[in-house]
Amino acid sequence: MHTKSSPHPLPRFRVQEAPHQSLNISIPMDQQLLALLLQARSHLPGSIPQQQALAQLAQLTGRTHEDSLERQLLELILEARSHPSESVSRQQRLTRLIILIEQSGRLTRLRKYAHSYPASMFTDLYNEAKQKAWMYICNNPELYRPEKPILAWVNSNFKYKFLDILNEQKFRRTCFYDPFVLEKLDSKVDIEDFETTDYYNLRLFLETDPEQKLAAYWVRNHPDITFQFLAISRHIQGETWTDLSAQTEISFRTLSSFFQRTLRKLLPYFKRYL
């Protein structure tokens, strides 16, 4: 009995994996990043195509890109620096970047420094530093490197601008009012000898006058020329007696003599608060 010959074995096919999409090194980095960001944005959050695009972004930059805000900011700054420096398109994207950061609530609050200054003064310093940081970022988007998160870059620049302002103010001030040494009360003292917080405490004291004593003394027949006005003018604003004499039309000697007499009366008041 002849056995039925077995059929030819089926050919074996090896399942090949889809080739990994290589990064095109001939295309500028910014263009590759922008293409991948647009690709990630065009797919549903968490979808496989989006995850693939995010994986390639991570491969290019060496960091993850799960933060949707960071992706928006990265897209804006890359688009901005693809346009000429004075173009409207560039400014529109940088303005949008600033708005998004402001609205996010993720701009540094610099709380480490807030306790060292009166609230109103810290607010002024903070806002001035913020404006300088925005100006720097709008003028230098090319200095940003995608390996670092946008918010980290922005907050780092913000902090440096804040510290720059503190240093500028420290060197800008040329006089200091020291209520504990009478001989120095009416002379200019190098601010280098004092802590920054001392200056702000003095300014706060002179401006708020907690017991309303500084404004209670004035030059005879000139109720608007108070001790408080003279103290702030001389030792906060740095005006000279000659300047004040010209402003008030009161002699140099009258102003100086009034100031010294009143100062001796108020010295205990200064010591209570400073």
Side-chain angles (χ1 to χ4, degrees), residues 108-132 159 161-274:
T108 178
R109 303 308 303 170
L110 297 172
R111 291 189 177 90
K112 174 182 177 182
Y113 305 94
H115 70 279
S116 299
Y117 307 93
S120 60
M121 293 177 189
F122 176 76
T123 299
D124 290 342
L125 293 170
Y126 182 90
N127 289 333
E128 183 180 351
K130 182 164 63 172
Q131 292 305 313
K132 290 192 173 187
K159 178 182 176 182
K161 294 301 177 187
F162 182 82
L163 295 176
D164 284 345
I165 289 172
L166 294 188
N167 288 330
E168 287 171 10
Q169 292 223 347
K170 182 177 181 182
F171 290 108
R172 190 185 305 154
R173 291 190 294 272
T174 57
C175 60
F176 185 85
Y177 199 94
D178 180 2
F180 301 106
V181 184
L182 190 60
E183 296 86 343
K184 292 183 180 180
L185 280 173
D186 195 28
S187 63
K188 290 187 176 182
V189 181
D190 189 350
I191 194 62
E192 289 287 328
D193 295 336
F194 300 92
E195 294 293 329
T196 304
T197 51
D198 291 335
Y199 169 84
Y200 284 112
N201 288 337
L202 171 66
R203 178 176 175 178
L204 182 65
F205 171 73
L206 292 178
E207 290 180 347
T208 59
D209 190 9
E211 297 179 25
Q212 302 301 301
K213 290 180 179 290
L214 304 179
Y217 294 86
W218 58 81
V219 178
R220 181 179 296 178
N221 299 325
H222 296 277
D224 54 327
I225 310 301
T226 64
F227 177 87
Q228 183 182 35
F229 165 77
L230 294 175
I232 291 174
S233 298
R234 282 282 292 146
H235 298 283
I236 297 300
Q237 299 173 357
E239 296 187 47
T240 65
W241 286 124
T242 302
D243 295 333
L244 290 168
S245 178
Q247 291 176 30
T248 61
E249 299 182 348
I250 301 172
S251 71
F252 172 102
R253 289 187 177 182
T254 298
L255 291 176
S256 179
S257 176
F258 162 77
F259 187 85
Q260 292 295 335
R261 289 196 312 273
T262 309
L263 179 61
R264 290 182 176 86
K265 295 177 184 177
L266 292 174
L267 190 58
Y269 178 41
F270 276 83
K271 290 182 177 181
R272 281 201 299 276
Y273 288 90
L274 299 175

State the CG-CZ distance between Leu244 and Phe252, to the nearest 0.5 angstrom.
-> 10.0 Å
In terms of heavy-atom contacts, Glu207 and Ile232 come closest through CG-CD1, 4.0 Å
Hey, what's the ring geometry for Tyr113 with Phe162, parallel, tilted or perpendicular (30° and 60° as the breaks)?
-> tilted
Spacing of Thr226 atom OG1 and Trp218 atom CH2 [to the nearest 0.5 Å] | 9.5 Å
Assess whether atom NZ of Lys159 is packed by more than 12 heavy atoms of other residues, nucleotides or ligands within 6.0 Å.
-> no
Check: Asp243 side chain, Thr240 main-chain N or O, donor-acceptor pair, under 3.5 Å | yes
Distance from Leu255 atom CG to Thr242 atom OG1, nearest 0.5 Å?
-> 10.0 Å
Say whether, by atom type as modelled, one donor and one acceptor occur between the side chain of Thr123 and the main chain of Ala119 under 3.5 angstrom.
-> yes
Any side-chain heavy-atom pair from Tyr217 and Phe258 closer than 4.5 angstrom?
-> yes
Find the distance between CG (Leu263) and OH (Tyr269) and round it off to the nearest 0.5 Å.
-> 13.5 Å
List for me each residue that meets side chain to side chain donor-acceptor pair (under 3.5 Å) alongside Gln247, sequence neighbours excluded, and say none if there are none.
-> Glu239
Beyond-backbone contact of Tyr126 with Ile165, side-chain heavy atoms, under 4.5 angstrom | no
Could you state the interatomic distance from CG (Leu204) to OG (Ser120), rounded to the nearest 0.5 Å?
-> 7.0 Å
Can you tell if the side chain of Ile250 reaches within under 4.5 Å of the side chain of His222, non-hydrogen atoms only?
-> yes
Is Asp209 reaching over with its side chain to a backbone N or O of Gln228, donor-acceptor style, under 3.5 angstrom?
-> no
Mind checking what makes side chain to side chain donor-acceptor pair (under 3.5 Å) contact with Glu249, not counting sequence neighbours?
-> none
Taking all atoms of both residues into account, what is the closest heavy-atom pair of Phe270 and Leu214, and its distance?
-> CE1-CD2, 4.1 Å
Drop me the distance from Thr262's OG1 to Lys213's NZ, to the nearest 0.5 angstrom.
-> 13.0 Å
